[in-house]
Amino acid sequence: MAERGTIASLPGAAGLREHLRIVEAVIFASAVPVDTSALATHLPAGTDLTRLIGELQSAYAGRGVNLVAVAGGWAFRTAEDLAPQLRREQSEPRKLSRAALETLAIIAYHQPATRAEIEEIRGVATAKGTLDVLLESGWVRMRGRRKSPGRPITYGTTAAFLDHFGLERIGDLPGLEELKGAGLLDTLPQAALAAPRDEPDLFDDEEPLGALGEEEAAPADEDVS
Amino acid sequence: MAERGTIASLPGAAGLREHLRIVEAVIFASAVPVDTSALATHLPAGTDLTRLIGELQSAYAGRGVNLVAVAGGWAFRTAEDLAPQLRREQSEPRKLSRAALETLAIIAYHQPATRAEIEEIRGVATAKGTLDVLLESGWVRMRGRRKSPGRPITYGTTAAFLDHFGLERIGDLPGLEELKGAGLLDTLPQAALAAPRDEPDLFDDEEPLGALGEEEAAPADEDVS
Amino acid sequence: MTATGDPDGAADGLLAGWEAPVRDGLAAREGDGAEALIVDVDGFEGPLDLLLALARTQKVDLARISILALVEQYLAFIGEARRLRLELAADYLVMAAWLTYLKSRLLLPPPPPEDGPSGEELADALAFRLRRLEAMRGAAARLAGLARLGRDVFPRGAPEPLATTTRPLWQASLYDLVAAYASQRQRHAVTTIRVSRRAVWSLVDARAILERLVGKVAAWTELDVLMASYLADPSERTTVRASTFTASLELAKEGLVDIAQTAAFAPIFVRARAAAEPADG
């Protein structure tokens, strides 16, 4: 490595070790993923965070706690394979109904998606309560409104969704490439290839929610399709 | 990391290593310190918990996170010595008080100015906090001491002052005539205003701050060129 | 309705614990074979779900499914349900009507092109929707199979909120600064106006001067004329007059001068009194 000499001549191994300790402590302290810009505020400008995180990640590889990239940041999580040993201590999280899980999957893979689009895919009206449960879980959010007749609300997933399912970004959804390749993420056959997008900014065909009307005052009865 | 080697090379082989991972994960995931009896429920009967905890504790010694005994149990805590680095700095915009603003203005226009001179112009005593705030803001600095009885400290503005107020040099401050022209002054004061000067070098009637007197005990130790 | 021999597939589809059995359920359905399906419609989530279940009985890839055969199966299912007088939701009937139309399109010679999509195009669209629904089912199952936070992996149980120190960021504009300076120079100007001492003639001064002047004049002389040289300054005129008049009264009382005035507001005359002469003023 060309940089080696440079690094060795920096404050030195002690400095590097100190930076490693800080990164470790900051991520460890937090229950939610910490992104690199937040980490950078604790370190001198110009610190090579990628290298520090790489070091830390390999230090924790194979341990009972791992450093993982999730929801656009870094977090310590118990090792997946220890689930059986840990589960007894923790109460099971609430199970999602089949309809809710299916709706969540459709929103995740097709976002931004309107209620009408979800119903078109499932071939059935969305039961009252299905979207509520997802909104309440914090995994789904109202993004804005589609610029189309009726200005229906568009739904998308949140950072909490990525965190919960251990995904670094929405592009890491399982089987995404396969589905995309088969054209199954399109709203209609022959439509342009689509990919799910969960960027916070609204897209060209979306507009802000605007003042909450009576329609969506409670997330339950928001069907504006 | 050295610690990884330690764990990997433990004599107890795979079983011991697995037990260490479980202890690590259980303590990490717990919201409260975990006592040994709670740990024991996750491990085969007869496991030497004292040894496991000892191993884990030394693996984390000197790291950013330590395994500590608290409240009758075991918990991970960020290393105490990192507290300053973990502290998040947040800057909060705040307006200067009227007194501080007036004092700052007098220092700007009449620098180098002593506290007595400022008070003479303002006609009121300057509260101790007022000058402290200005020194803390980085806009005002102690220049030196006036060569006069009592050797009072002289105050002047800094480069940060010019920067913040968008002035290229101190002479760009609007003069009395200009203030009158702008409608800020009804009449011109009798005494003409000497041009303010903020050169870093001391003037003929100033001398270095020297040893800390009781007056400037707190914020004084900044450079006086 | 339940595909027979499929205990956990469609029957519990609505809300109950679906996550774990989903893949098994799909597999079981596929393995179900062509046994008679009709028992009950409750297990299906709408007509598309029913169609998908029926399609699986064809034991072929959904891409190569016979839509015509599927339509026949669906219509047979609906017919059987009606024969058994089962309650059917309206959308199942709507789907049945549409499939009947599709069937006629597929069987009859193609209509003129302007008469809407052909039977094949409609069949393709239906096949696409079935494939897509199945794909999303699979995606949901894979999502559910991911290691989930709070079930399979756990975050730090006792997060340590990082301490925050607030550093004030002082704000002031050049206008604030300049206005503060101006306003307080203004105040300063007001408070230091020096009221110049008003010149006041004391009674003692006035008497001394009057004595001196009258002593030389025996004839009646107008007081203002007598004092003319002192009344030149307008700012002192009032005080000179008042003090001189008072002094003249004092002198008259002591018999040193005579005073005469012909009418109110008329000029006042004075003269030194001769020792023997009685006053006549």
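Letters A, B, ... are given to chains in the order of the sequence lines, protein chains preceding strands, and every chain is numbered from 1.
- Counting all heavy atoms, side chain and backbone alike, C:Ala147 lies closest to A:Glu80 at CB-CD, 3.2 Å.
- For A:Phe161, the ring pair (Phe, Tyr, Trp, His ring centres under 6.0 Å) partners are A:Phe165, not counting sequence neighbours.
- Counting only heavy atoms from C-beta outward, the side chains of C:Met136 and A:Tyr109 approach each other to under 4.5 Å.
- Here CZ of C:Arg142 is found 9.5 Å from CG of A:Leu176. Values are rounded to the nearest 0.5 Å.
- Here CZ of C:Arg148 is found 12.5 Å from CG of A:Asp163. Values are rounded to the nearest 0.5 Å.
- Note that NE2 of A:His110 is 6.0 Å distant from CZ of C:Arg132, once rounded to the nearest 0.5 Å.
- Note that CG of A:Leu173 is 8.5 Å distant from CG of C:Leu146, once rounded to the nearest 0.5 Å.
- Here the CZ-CG distance, from A:Arg77 to C:Asp152, works out to 12.5 Å after rounding to the nearest 0.5 Å.
- Contacts of A:Ala75 with chain C are absent, with no heavy-atom separation under 4.5 Å from either backbone or side chain.
- Considering every non-hydrogen atom in both A:Ala105 and C:Ala139, the closest pair reads CB-C, 4.3 Å.
- In terms of non-hydrogen atom pairs under 4.5 Å with chain C, the most contact-rich of A:Leu167, A:Leu82, A:Leu184, A:Val124 is A:Leu184.
- Nearest approach of C:Pro47 to A:Gly123, heavy atoms of both residues: CD-O, 4.0 Å.
- Contacts between A:Ile121 and chain C at a heavy-atom distance below 4.5 Å involve backbone atoms as well as side-chain atoms.
- For A:Arg122, the side chain to side chain donor-acceptor pair (under 3.5 Å) test picks out A:Glu102, C:Glu45, with sequence neighbours left out.
- C:Leu48 contributes atom CG, which lies 9.0 Å from atom CD of A:Glu120 (distance to the nearest 0.5 angstrom).
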